[in-house]
Trainee: 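I'd like to ask some things about the structure below.
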Amino acid sequence: MLRLTEIKLPLAHAAGEIRAAILERLSIADDELTGYVIFKRGVDARKPRAILFTYTLDVEVRDEAALLDHFKNDPHIRISPDTGYHFVAQAPQNLTSRPVVIGMGPAGLFAGLILAQMGFRPLILERGKAVRERTKDTFGLWRQGVLNPESNVQFGEGGAGTFSDGKLYSQIKDPRHLGRKVLEEFVRAGAPEEILYVSHPHIGTFRLVGMVEKMRETIQALGGEIRFESRVDDIEITQESDNAGQVQGVVLASGERIVTNHLVLAVGHSARDTFEMIYKRGIFIEAKPFSIGFRIEHPQSLIDRARYGNNAGNPLLGAADYKLVHHAGNGRSVYSFCMCPGGTVVAATSEAGRVVTNGMSQYSRNERNANSGIVVGISPEDYPGGPLAGMEFQRRWESRAYELGGGNYQAPGQLVGDFLAGKPSVKFGSVQPSYTPGVHLCDLSSALPDYAIAAIREALPAFAKQVKGFDMTDAVLTGVETRTSSPIRIKRNDDDMQSINTRGLYPTGEGAGYAGGILSAAVDGIRVAEALALNMVR
């Protein structure tokens, strides 16, 4: 097949116009085109009055070789790459041991799935509950202000991404097209087929719940085992002659010991007790940069008008999003994070006495407000004190948010106009916040470090130059956003994906510091599963 890129058509084009565009681009007759599929469809909204769909198409023609020769100097006409997934190993018939996976977020889920598909019958240990039970516990915090520290937005089947916008795109380098394998598995589990070709695919929370359950069933049907409410409290490691450790097994909170020499560590970015445990065990970790800030809410209609002009509200476009960056005068970078069109701000803490915000959307993205994190990049130099200092830094500001919110899991909030003017807010305007258990209006100037407050105050008017109305007086800031990524990295070798000083330990996903979102975490889980499988069959 041939791959054609940069095929642009008007927003309201008819289906037949795609075929006509291919014939025109290749200068061929209709009978020479035997078929085509849409590989990717993006939106070019740089001119709101003339929005275009931009297509990448895989095309079948009668004389492919002649066309390739004719267009050999055209970078937009090439052979379609092989995007199919190819297993790297198969478990031997006499397999005597099984790999263990800790965590069932995207990285652990896909590590377990790939291992199961290769015949390794993995055992997956998840500290939280199955996804539907977990959803009930999560609603308990949102509706009654009751936190279950082991079952919440951060912990449980599906990971933190279950309660998000369900974004399935990433900027990672993916030469083997592992992201395609992820999307295909999601479609097999019930996701809409459009996620295979739209440029910014998403699923939404309610659809993710059913998909995660189906993927669990697939793993079990292939011989894998999944245990919920099975928190790992210790990893047993023996010391080898070369000062490197070797994984021997894990110990659960119940006291049960499970023997294994191959352990995938796929805990999320909020598994703070696990970070403390592995640090005490001598597994090498290091502090890494992350970001902190607030959630901001606008009317979704304002974002639609700013991005799409007269095309705002067109069902072909859906709810508009944005991606913003500002380099502040104090040297800090401020950027939008995890933008959720037509979504809600959610309570995402996993520890008592702390407030954390995040954003989520359903598949329809039809809620009144748009929200995103407006966050400031920080580095280990901002929180000196060792590998776990970033975790304590996060805790400090989450505790401060709990205090400012009134000490009942309400979140502290402030209108953008008051935030820019440096005065407390006392009454909501036209934008009603979506966060539950509720938003307590106050002055957010003490909710983050001074340098972060200054950078965000500078960034909001700058963002308004890109998205008109972004600094609207009644827009609402809600604090705090601290779980943008893991505060640590569990260092691993590039070749065999194992911990640099602990053999048999395969760190993966967001918690290990190697991913940032559902798709990148799932891809990382696949890569780790492949490395582990190759090690087991050697």
Trainee: Given E225, which partner from the list Q220, R98, R121 fulfils the side chain to side chain contact (heavy atoms under 4.5 Å, CB included) test?
Mentor: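 Among the candidates, only R98 passes.
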Trainee: Any side-chain heavy atom of V131 sitting closer than 4.5 Å to one from E213?
Mentor: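 When only atoms from C-beta onward are counted, E213 and V131 do touch, with a gap below 4.5 Å.
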Trainee: Side chains of Q246 and N261: closer than 4.5 Å at any heavy-atom pair?
Mentor: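 Heavy-atom side-chain distance check passes, below 4.5 Å.
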Trainee: What's the shortest heavy-atom distance between F337 and R295, and which atoms?
Mentor: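 The pair with the smallest heavy-atom distance is O-NH2, 3.5 Å.
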Trainee: Using a 4.5 Å cut-off on heavy atoms from C-beta on, say whether the side chain of F284 contacts that of P387.
Mentor: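 Contact flag for P387/F284 side chains = no.
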Trainee: Side chain of N369, backbone of Q432: donor and acceptor closer than 3.5 Å?
Mentor: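 Judged by distance alone, yes, a pair lies under 3.5 Å.
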Trainee: Can you tell me if K323 uses its side chain to pair, donor with acceptor, with the backbone of M339 under 3.5 Å?
Mentor: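 Such a contact is absent between K323 side chain and M339 backbone.
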Trainee: Please assess T349 against Y402 for the test side-chain hydrogen bond (donor to acceptor under 3.5 Å, both in side chains), listing each intermediate value before the final yes or no.
Mentor: CA-CA 10 Å; T349 189; Y402 183 79; over 6 Å; no
Trainee: Decide side chain to side chain contact (heavy atoms under 4.5 Å, CB included) for M277 and D234; before the verdict, give the C-alpha distance in whole Å, the side-chain angles of both, and the deciding distance to 0.1 Å.
Mentor: CA-CA 7 Å; M277 178 268 289; D234 200 7; 4.1 Å; yes
Trainee: Working to the nearest 0.5 angstrom, can you tell me the gap between L125 CG and L263 CG?
Mentor: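 Result: 8.5 Å between the selected atoms.
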Trainee: As a test of understanding, state which of R257, Q248, R281 forms a side-chain hydrogen bond (donor to acceptor under 3.5 Å, both in side chains) with E236.
Mentor: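 With E236 as partner, side-chain hydrogen bond (donor to acceptor under 3.5 Å, both in side chains) holds for just one option, R257.
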Trainee: Please give me the minimum heavy-atom distance between P424 and D418, naming the atom from each residue.
Mentor: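 It is O-OD2, 3.9 Å.
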Trainee: Would you call I235 and T502 a side-chain contact if the rule is heavy atoms closer than 4.5 Å?
Mentor: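 They are not in contact (no side-chain heavy atoms under 4.5 Å apart), so the answer is no.
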Trainee: Thinking salt bridges, do R332 and D382 make one under a 4.0 Å N-O criterion?
Mentor: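 Yes, charged N to carboxylate O under 4.0 Å.
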Trainee: Check the angle between the aromatic planes of W142 and F139 and answer parallel, tilted or perpendicular using the 30° and 60° thresholds.
Mentor: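 The rings of W142 and F139 sit tilted, inter-plane angle from 30° to 60°.
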Trainee: Hey, does the Lys NZ or Arg CZ of R457 hover above the aromatic six-ring of F419, less than 6.0 Å from the centre and inside 45° of the axis?
Mentor: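 Yes, a cation-pi geometry holds between R457 and F419.
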Trainee: Tell me, do Y322 and S336 make a side-chain contact under 4.5 Å, heavy atoms counted?
Mentor: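 Heavy-atom side-chain distance check passes, below 4.5 Å.
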Trainee: Kindly determine whether F186 and F110 satisfy ring pair (Phe, Tyr, Trp, His ring centres under 6.0 Å), including the steps that lead there.
Mentor: CA-CA 11 Å; F186 279 147; F110 273 87; 5.4 Å; yes
Trainee: Identify whether the distance between the nearest side-chain nitrogen and carboxylate oxygen of R400 and E403 falls below 4.0 Å.
Mentor: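 A salt bridge is present here (some side-chain N lies under 4.0 Å from a carboxylate O).
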Trainee: How far does CD1 of I124 sit from CE of M104, to the nearest 0.5 angstrom?
Mentor: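 Interatomic distance, I124 CD1 to M104 CE, rounded to 0.5 Å: 5.0 Å.
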Trainee: Run through K214, R216, R134, R132 and flag the one making a salt bridge (charged side-chain N to carboxylate O under 4.0 Å, His left out) with E157.
Mentor: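 That would be R216; it is the only one of K214, R216, R134, R132 passing the salt bridge (charged side-chain N to carboxylate O under 4.0 Å, His left out) with E157.
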Trainee: Is there side-chain contact between L420 and V416, with at least one heavy-atom pair below 4.5 Å?
Mentor: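 A side-chain contact under 4.5 Å exists here.
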Trainee: Would you compute the distance between atom NE2 of H177 and atom CG of L183 and round it to the nearest 0.5 angstrom?
Mentor: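 Going from the NE2 atom of H177 to the CG atom of L183 covers 12.5 Å.
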Trainee: Of all heavy-atom pairs between I453 and L448, which one has the smallest distance, and what is that distance?
Mentor: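 Heavy atoms of I453 and L448 come nearest at CG1-O, 3.8 Å.
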Trainee: Give the minimum heavy-atom separation between L252 and I258, together with the two atoms involved.
Mentor: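 So the two residues come closest at CD1-CD1, 4.1 Å.
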Trainee: For the pair H200 and Y169, name the ring-plane relationship: parallel under 30°, tilted 30 to 60°, perpendicular over 60°.
Mentor: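 The rings of H200 and Y169 lie parallel, inter-plane angle below 30°.
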Trainee: Report yes or no: does E458 contribute a side-chain atom to a donor-acceptor pair with the main-chain N or O of G329 at less than 3.5 Å?
Mentor: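 The answer is yes, because a donor-acceptor pair under 3.5 Å joins these two groups.
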Trainee: I need the minimum non-hydrogen distance between S445 and D450, along with the two atoms involved.
Mentor: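 Looks like O-OD1, 4.5 Å.
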Trainee: I need the minimum non-hydrogen distance between A244 and R503, along with the two atoms involved.
Mentor: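 Distance-wise, the nearest heavy atoms are CB-NH1, 3.8 Å.
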Trainee: Is it true that a side-chain atom of D174 and a backbone atom of G179 form a donor plus acceptor pair closer than 3.5 Å?
Mentor: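 Checked: pair present.
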Trainee: Where do I285 and L388 land on the side chain to side chain contact (heavy atoms under 4.5 Å, CB included) test, with the steps shown first?
Mentor: CA-CA 9 Å; I285 65 175; L388 300 181; 3.7 Å; yes
Trainee: Between CD1 of I488 and OG1 of T274, what distance do you get to the nearest 0.5 Å?
Mentor: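 One gets 9.5 Å once the value is rounded to the nearest 0.5 Å.
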Trainee: Hey, what's the ring geometry for F290 with Y383, parallel, tilted or perpendicular (30° and 60° as the breaks)?
Mentor: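 If you compare the ring of F290 with that of Y383, the planes turn out tilted.
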Trainee: Looking only at side-chain N and O atoms, does E185 offer a donor or acceptor that is under 3.5 Å from a partner on Q117?
Mentor: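 Per modelled atom types, Q117 and E185 side chains form a pair under 3.5 Å.
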Trainee: Pair S485, H269 - check side chain to side chain contact (heavy atoms under 4.5 Å, CB included), show working.
Mentor: CA-CA 6 Å; S485 66; H269 56 43; 5.5 Å; no
Trainee: Indicate yes or no: does K181 engage E184 in a salt bridge with an N to O separation below 4.0 Å.
Mentor: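 Salt bridge: no.
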Trainee: Answer whether the closest heavy-atom distance between the side chains of P289 and P380 falls below 4.5 Å.
Mentor: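 Yes, their side chains come closer than 4.5 Å.
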Trainee: Show the numbers, then the answer: is there a side-chain hydrogen bond (donor to acceptor under 3.5 Å, both in side chains) between D496 and Q498?
Mentor: CA-CA 6 Å; D496 63 10; Q498 297 181 65; 3.3 Å; yes
Trainee: For the CD atom on Q171, are there more than 12 heavy atoms of other groups (residues, nucleotides or ligands in this structure) within a distance under 6.0 Å?
Mentor: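 12 or below, so no.
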Trainee: Please confirm whether the backbone N or O of G282 pairs with a side-chain atom of N501, one donor and one acceptor, at under 3.5 Å?
Mentor: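 Checked: pair present.
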Trainee: Main chain of L415, side chain of S425: is a donor-acceptor contact present, judged purely on distance under 3.5 Å?
Mentor: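 It does hold such a pair.
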Trainee: Under 3.5 Å, is there a donor-acceptor pair between the side chain of E229 and the main chain of R127?
Mentor: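 Looks like no, no N/O pair under 3.5 Å.
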Trainee: Could you give the distance from CD (E351) to CZ (R395), rounded to the nearest 0.5 Å?
Mentor: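 Between atom CD of E351 and atom CZ of R395 there are 4.0 Å.
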Trainee: Do the non-hydrogen side-chain atoms of N358 and C338 ever get within less than 4.5 Å of each other?
Mentor: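 N358 reaches C338 side chain to side chain.
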Trainee: Quick check: does any side chain N or O of N535 sit under 3.5 Å from a backbone N or O of A531, one acting as donor and the other as acceptor?
Mentor: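 Not at all, since once roles are kept as given, no pair shorter than 3.5 Å links the two residues.
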Trainee: Do any pairs count as a salt bridge (Lys or Arg N to Asp or Glu O under 4.0 Å) and have a residue in residues 524-538, sequence neighbours left out, and if so which ones?
Mentor: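 Of all non-adjacent pairs touching residues 524-538, those that pass salt bridge (Lys or Arg N to Asp or Glu O under 4.0 Å) are R176-E530, R492-D524, D524-R527.
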Trainee: Take atom NZ of K288 as the centre, draw a 6.0 Å sphere, and report whether it contains more than 12 heavy atoms from other residues, nucleotides or ligands.
Mentor: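 Yes, because the 6.0 Å sphere around NZ of K288 holds more than 12 heavy atoms from other groups.
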Trainee: With no hydrogens and no angle check, just 3.5 Å: does a side-chain donor-acceptor pair link R354 and T482?
Mentor: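 No pair is found: no donor N or O on one side chain lies under 3.5 Å from an acceptor on the other.
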Trainee: Tell me yes or no: between the side chains of S434 and E367, is some donor less than 3.5 Å from an acceptor?
Mentor: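 Distance-only check fails for S434 and E367.
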Trainee: Any sub-3.5 Å donor-acceptor pair from T484's side-chain atoms to S291's backbone N or O?
Mentor: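 Yes.
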Trainee: Show your reasoning for whether side-chain hydrogen bond (donor to acceptor under 3.5 Å, both in side chains) applies to T357 and Y435.
Mentor: CA-CA 8 Å; T357 63; Y435 176 97; over 6 Å; no
Trainee: Under 3.5 Å, side chain of N330 to main-chain N/O of Y451, donor-acceptor pair present?
Mentor: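 Yes: the side chain of N330 pairs with the backbone of Y451.
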Trainee: Inspect the contact between E256 and R227 and indicate whether a charged nitrogen and a carboxylate oxygen are less than 4.0 angstrom apart.
Mentor: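 E256 and R227: salt-bridged.
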Trainee: Roughly how far, to the nearest 0.5 Å, is CD1 of I490 from OH of Y514?
Mentor: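 CD1 of I490 is found 8.0 Å from OH of Y514.
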